[in-house]
Amino acid sequence: MSTPVRPPLKFVTFEGGEGGGKSTQLRLLAEALRKAGETVVTTREPGGAAGAEEIRRLLVEGEPGRWPADAEALLHFAARAEHLAKVIRPALDEGKWVLCDRFADSTLAYQGYGQAQDLGWLQQLRSQIVGKTEPGLTLILDLPVDIGLGRAAEHQRYERMGRAFHERLHAGFLAIAKEEPERCKLIDATLPIEKVAAAVRAAVAKRFRVQL
Ligand code: TMP
């Protein structure tokens with residue numbers, strides 16, 4: 001007997017390297033969904049809940065080498081555990097859409113591909129912490145590293161980790177997109193904002209069978 005296919009959770013994550021315009025695209029998608037009568041919660045990682053925002057400060061401020069990479073990965077998952085428990089799962093349980101600026105794929109890309117943490121270990125943590133609350137759709141806003149770093153301000157810790165690091169995580173996001181083509185959609189973030197927004201809406205409409 002075949003197991004019944006669960007519909008994808010109305011949980012959409014925006015991923016990619018620096019400078020891809022994730023926050024703008026998240027806001028535009030939220031507006032489009034609200035116009036269509038949907039209830040939407042917008043949030044971000046690391047952060048999105050009180051304690052997780054405190055952890056965010058520990059991660060995005062200070063010297064690039066301030067944490068051993070395994071401690072850094074665990075801090076991201078600690079923040080994520082609280083965010084899931086206090087914000088994401090309750091909102092999904094109430095039937096709301098959740099749009100999140102970065103999620104667990106960023107840990108795979110940044111701490112795994114970028115900072116050389118074991119991918120199997122990170123996947124194990126992911127399945128323990130995230131469990132069944134995997135995004136229904138992940139939009140990976142893709143653009144060449146040079147353009148992304150040119151757009152980023154180099155104020156925060158990860159933006160100062162060097163070009164080779166950013167090349168590795170870029171390759172990581174492409175690998176993730178290839179491994180999970182149903183959940184992940186690569187979007188060309190070099191296009192003008194409105195074209196990217198249209199591609200985002202089309203991906204959401206197709207995956208969730210909504211009209212946007
Ligand atoms: P952002 O919200 O401006 O993108 O900044 C968050 C930074 O944190 C970004 O540079 C990517 C990084 N990050 C990780 O390294 N691992 C993670 O799991 C997450 C969620 C973010």
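First listed ligand is number 1; within each ligand, the first listed atom is number 1. The first residue in the sequence is number 1, and the count goes up from there. Quick caveat: nothing in here was measured; it's all calculated off a predicted structure.
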Check: Considering only the protein, which heavy-atom contact is closest to atom 20 (C) of ligand 1, and what is its distance?
Finding: Arg80 NH2, 3.6 Å

Next item on the list: For ligand 1, indicate whether the residue Glu18 contacts it via side chain, backbone, both or neither (heavy-atom separation under 4.0 Å).
Entry: side chain

Next item on the list: If you have a sec, work out which protein heavy atom is nearest atom 18 (O) of ligand 1 and how many Å separate them, to one decimal?
Entry: Thr107 OG1, 2.6 Å

Checklist line | Close side-chain approach of Thr13 and Glu45, heavy atoms under 4.5 Å | finding: no

Note to self: Please list the nearest protein heavy atom to atom 13 (N) of ligand 1 with its residue and the distance rounded to 0.1 Å.
What the structure shows: His76 CE1, 3.5 Å

Check: Side chain of Glu15, backbone of Phe103: donor and acceptor closer than 3.5 Å?
Finding: yes

Checklist line | Side chain, backbone, both or neither: the part of Glu72 lying under 4.0 Å from ligand 1 by heavy atom | finding: neither

Notebook entry, point to check: What protein heavy atom is closest to atom 4 (O) of ligand 1, reported as residue, atom name and distance in Å?
Noted result: Arg102 NE, 2.7 Å

Notebook entry, point to check: Looking at ligand 1, does Lys22 have a heavy atom less than 4.0 Å from it?
Noted result: yes

Notebook entry, point to check: Between Arg44 and Glu53, is there a side-chain N and carboxylate O pair less than 4.0 Å apart?
Noted result: yes

Check: Between Arg201 and Glu31, is there a salt bridge with N-O shorter than 4.0 Å?
Finding: no

Notebook entry, point to check: Does His155 offer a backbone N or O that forms a donor-acceptor pair with the side chain of Glu159 under 3.5 Å?
Noted result: yes

Check: Can you tell me the protein heavy atom closest to atom 2 (O) of ligand 1 and the distance?
Finding: Arg56 NH2, 3.2 Å

Next item on the list: Identify the two heavy atoms, one from Leu58 and one from Trp67, that lie closest to each other, and give their separation to 0.1 Å.
Entry: O-NE1, 2.9 Å

Margin query: Can you report which non-hydrogen protein atom sits closest to atom 5 (O) of ligand 1, along with the distance?
Written below: Gln156 NE2, 3.3 Å

Checklist line | Lys/Arg N to Asp/Glu carboxylate O, Glu61 vs Arg57, below 4.0 Å | finding: no

Checklist line | Arg44 near ligand 1 by a heavy-atom separation under 4.0 Å | finding: no

Next item on the list: Identify, by atom number and element, the atoms of ligand 1 in contact range of Glu45, meaning under 4.0 Å from any of its heavy atoms.
Entry: 20 (C)

Next item on the list: If you have a sec, work out which protein heavy atom is nearest atom 6 (C) of ligand 1 and how many Å separate them, to one decimal?
Entry: Pro46 CD, 3.8 Å

Next item on the list: Run the salt-bridge test on Asp101 and Arg27 with the 4.0 Å N-O cut-off and return the result as yes or no.
Entry: no

Margin query: Minimum heavy-atom separation for Val12 and Phe208, please, with both atom names.
Written below: CG2-CE1, 3.8 Å

Item checked: For atom 16 (N) of ligand 1, closest protein heavy-atom neighbour -> Gln111 OE1, 2.8 Å

Notebook entry, point to check: For ligand 1, which part of Glu159 has a heavy atom less than 4.0 Å away: the side chain, the backbone, both, or neither?
Noted result: neither

